[in-house]
Q: 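Below is a structure I'd like to ask you about.
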Amino acid sequence: MSQQKQERYEDSYLYKVRHSAAHVMAQAVLELFPDGKITIGPPVENGFYYDFDLPRNLTPEDLEQVEKRMRQIVQGRHEFKKTVISAEEAKKIFADQPYKLELIEGLEKGGFDEYGNPLNEKPEISIYQHDTFTDLCRGPHVENTKEIKPDAFKLMSIAGAYWRGDENNKQLQRVYGTAWENKKQLEEYLHQLEEAKKRDHRKLGKELEIFIFDEEVGPGLPLWLPNGGVMIEELEKLAKEIEERAGYVRVRTPSVTKEDLFLRSGHLPYYAESMYPPMELEGVKYYVKPMNCPMHHKIFGSKGRSYRELPLRLAEYGTCYRYEKSGELFGLMRVRSMQMNDAHIYVTEDQFEEEFLSVIDLYLKYFELFGIEKYVMRFSKHSKAGLGKKYVDNERLWIKTEDMVRRAMDNGNVPYEEVEDEAAFYGPKIDVQIWSAIGREFTLATNQVDFAQPARFDLKFTNKDGQDEMPLCIHRAPLSTHERMIGFLLEHYAGSFPVWLSPEQVRVISITDAQNEYAESIAKQLRENGIRASADVSSQRMNAKIRQAQLMKVPYMIVVGKDEMAANQVSLRARDGSQQNNIALDEFIARAKDRIARRAKEL
RNA sequence: GCCGACGUAGCUCAAUCGGCAGAGCACCCGCCUUGUAAGCGGGCGGUUACGAGUUCGAUUCUCGUCGUCGGCUCCA
């Protein structure tokens, strides 16, 4: 394998430019608010931010002023000067900056760097000064402010952000900016943002009539339009095919159950925040399910199980409801009602590794099918501090199952990143992280270990020696939920789905109304061949019909005029603009059927 | 949930300083009979998200509610 040496972002020139721009911005903001308190201001992807605690909220007009002042400051060619100082000196300098004092204390103890990230060694304490501004900072920075080009940065937005990312802390005002080496790069970036917006699944979903939200129905509760309905059916067909081959069996369970079930499962103690509140009938509380697992556990436990039955793979496309906080909703990617590509696999400890890896293989198979290349597998572990709060309180089993996952991934040679404090409440997991068109990060597929619920439900099987043994449970959702998957696919394909997934696969276009009947009969024949087709026999001109089909990103357009009708043939125009005139309908049907059957990427 | 911005016809967007709410597309009705991304004409369409307030008068100013968006927190 060729190991290309890539410069780390932290070592790049752009990183220094952005870091320095953040300092200049802080200076400008402090000039506007002399009593303002500064916190941290690091470079981030594509730019930088700085968090402030100010006497009043910033307005867009303030931002304009700050940006203007920044342009003046950078012209001043002020040198960035680093000075290493003692904690005592630092505390004197930042005597009226409480957040900085907190950071200095952290640095003194050696536990954290100035951004609150854990550190092994005790770092040196340094300050950077330019013009009138001094910040506690380890750098690095550019030589002087002139290196920040006045036409290569832009302040982007104001947002609230909690001090040290903890919602129990005070909310600060964060100003985001973007900065580049030159004007051209900035313009390219802004252009990219515009382009990304065109891929936004919320926009495409509306244009392609996939789904809608309705104020009266409620936030986070999508209504699937017929086109979305088709996509859901195709995804379920895919999942069913693959799962049947892999030995899964399908079950069905209710959406609402008694409180008792979720008390036993641990959802109420650990997950209640994300659940819709209970409804009470005849003195009994019922909850809408946020997950299918408790009911699958009930099915597992419904009779005596032998080791011969394992792995037992129970699959269900169940609709779950989670009360996501209002500000967390995001189009289809984050909703309150969702249909999960769910399954629970009950295995013996010996079977765990093979089964876990076979689920990972399943992801990879799907990713290949969809051409998904940009993703990260994240190994999400518990945190010691979360035990008994976010996570079931059994450290021994946490460590044991995490070791099992690590071993499985290592033995399977699957690359992954380990992350602390991201696990499910019942066990560690491998999440696949992807990014939306506008750069927001999401978990798509997930593969989770559960040692907690089998114990809570007292699940057991009889092993070879005739003894009771507890199975481990693997929760998995390689196709995520319909909502997130389709949201993602909309952006991934920019709405131009492969033929098999396209809501409308063929649009038959008559050139004059003399061919309307012929067009209808072709559409009918296509449908009889299992191809989703409709005929556009409106009185519009052909060009307008083609344009409409293009805008709806229909993969195939069949154009018929008097010549085609006379010869009993068709003309094919594909979504990519390519054309094939005067071909037999059967020839086209064969092509379309082949693409659909293979779930081919090509048209 | 928190901070900020926004909400005008089915969609995309206008409306000067507080003075009769407008366009294109879509839809409906005609005309045209058309050759690979928009033919022409006409018509319908609004309690300016909802509810209060200020004012002679509110799309415009103020407050509240709901929703959306940018973030934070959280997550399939």
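Chain letters run A, B, ... following the sequence lines, proteins first and then strands; every chain starts at 1.
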Q: Just compare B/rA76, B/rG67, B/rU73 and give me whichever is closest to any side-chain atom of A/Glu215.
A: B/rG67

Q: So, do A/Phe330 and A/Phe442 have ring centers that fall under 6.0 Å from each other?
A: yes

Q: Hey, is the side chain of A/Ser326 poking within less than 4.0 Å of OP1 or OP2 on B/rG1, counting only N and O atoms?
A: yes

Q: A/Gln171 side chain: which of B/rG35, B/rC32, B/rC2 is closest?
A: B/rC2

Q: For A/Ser539, which contact category applies under a 4.0 Å heavy-atom criterion: base, sugar-phosphate, or nothing?
A: base

Q: Taking any heavy-atom pair under 4.0 Å as a contact, classify A/Gln173: base, sugar-phosphate, or nothing.
A: nothing

Q: For A/Thr59 and for A/Lys325, find the nucleotide of RNA chain B with the closest heavy atom, then tell me which residue's nucleotide is more 5'.
A: A/Lys325

Q: Categorize A/Lys206 for me: base, sugar-phosphate, or nothing, with a 4.0 angstrom heavy-atom threshold over every strand shown.
A: sugar-phosphate

Q: Write down the distance separating the C1' atoms in B/rG22 and B/rC61, rounded off to the nearest Å.
A: 23 Å

Q: Indicate whether OP1 or OP2 belonging to B/rA37 is found under 4.0 Å from a side-chain N or O atom of A/Arg573.
A: yes

Q: Could you work out the separation of B/rG41 and B/rG24 based on their C1' atoms and round it to a whole Å?
A: 16 Å

Q: Looking at the side chain of A/Ile438, which of B/rG1, B/rC75, B/rG70 is the nearest nucleotide?
A: B/rG70

Q: Which of these nucleotides, B/rC2, B/rC72, B/rG1, is closest to any side-chain atom of A/Arg174?
A: B/rC72

Q: Classify the nucleic acid contact of A/Thr481 as base, sugar-phosphate or nothing, counting any heavy atom under 4.0 Å across all strands shown.
A: base

Q: Would you kindly give the CG-to-P distance between A/Asp51 and B/rC2, to the nearest whole Å?
A: 19 Å

Q: Of the candidate nucleotides B/rA26, B/rC75, B/rU34, which contains the atom at the shortest distance from the side chain of A/Gln548?
A: B/rA26

Q: Classify A/Gly165 by what it touches in the nucleic acid, base, sugar-phosphate, or nothing, heavy-atom distance under 4.0 Å.
A: sugar-phosphate

Q: Where each residue is assigned the nucleotide of RNA chain B containing its nearest heavy atom, which of A/Asp513 and A/Met338 is assigned the position nearer the 5′ end?
A: A/Asp513

Q: So what does A/Arg440 hit on the nucleic acid, given a heavy-atom distance under 4.0 Å: a base, only sugar-phosphate, or nothing?
A: sugar-phosphate

Q: From the options B/rA37, B/rU33, B/rA76, select the nucleotide whose nearest atom is closest to the side chain of A/Arg322.
A: B/rA76

Q: Which of the following nucleotides, B/rC72, B/rU34, B/rA38, is nearest to the side chain of A/Met542?
A: B/rU34

Q: Select base, sugar-phosphate, or nothing to describe what A/Arg202 touches, counting heavy atoms under 4.0 Å on all strands.
A: sugar-phosphate

Q: Give the intermediate values and the outcome of ring pair (Phe, Tyr, Trp, His ring centres under 6.0 Å) for residues A/Tyr391 and A/Phe425.
A: CA-CA 4 Å; A/Tyr391 308 118; A/Phe425 76 78; 9.1 Å; no

Q: A/Asn581: which residues meet the side chain to side chain contact (heavy atoms under 4.5 Å, CB included) condition with it, sequence neighbours left out?
A: A/Ser571, A/Gln579

Q: Roughly how many Å apart are B/rG10 and B/rC6, using the P atom of each and rounding to a whole number?
A: 23 Å

Q: Would you measure the distance from the P atom in B/rU12 across to the matching atom in B/rA52 and give it in whole Å?
A: 28 Å

Q: Taking OP1 and OP2 of B/rC74, is either one under 4.0 Å from a side-chain nitrogen or oxygen of A/Tyr323?
A: no

Q: Base, sugar-phosphate or nothing for A/Asn581? Non-hydrogen atoms, less than 4.0 Å.
A: base

Q: Among A/Glu418, A/Glu417, A/Glu402, which residue meets the salt bridge (Lys or Arg N to Asp or Glu O under 4.0 Å) test with A/Lys381?
A: A/Glu418

Q: Side chain of A/Gln550: nearest nucleotide among B/rC74, B/rG35, B/rA37?
A: B/rA37

Q: Check the orientation of A/Phe52 and A/Tyr50. Use parallel for under 30°, tilted for 30 to 60°, and perpendicular for over 60°.
A: parallel

Q: Would you classify A/Asp342 as touching base, sugar-phosphate or nothing, given that sugar-phosphate means primed atoms plus P, OP1 and OP2, and contacts are heavy atoms under 4.0 Å?
A: nothing

Q: Select one nucleotide: of B/rA38, B/rC32, B/rU36, the one nearest the side-chain heavy atoms of A/Ala544.
A: B/rA38

Q: Kindly say whether the aromatic ring centers of A/Tyr375 and A/Tyr363 come within a distance under 6.0 Å.
A: no

Q: With heavy atoms under 4.0 Å as the rule, sort A/Ala477 into base, sugar-phosphate or nothing.
A: nothing

Q: How is A/Tyr49 classified with respect to the nucleic acid when contacts are heavy atoms under 4.0 Å: base, sugar-phosphate, or nothing?
A: nothing

Q: Which nucleotide, B/rG7, B/rG4, B/rA76, lies nearest any side-chain atom of A/Asn57?
A: B/rG4

Q: Answer yes or no: is there an ion pair linking A/Glu243 with A/Arg250, defined by an N-O contact shorter than 4.0 Å?
A: yes

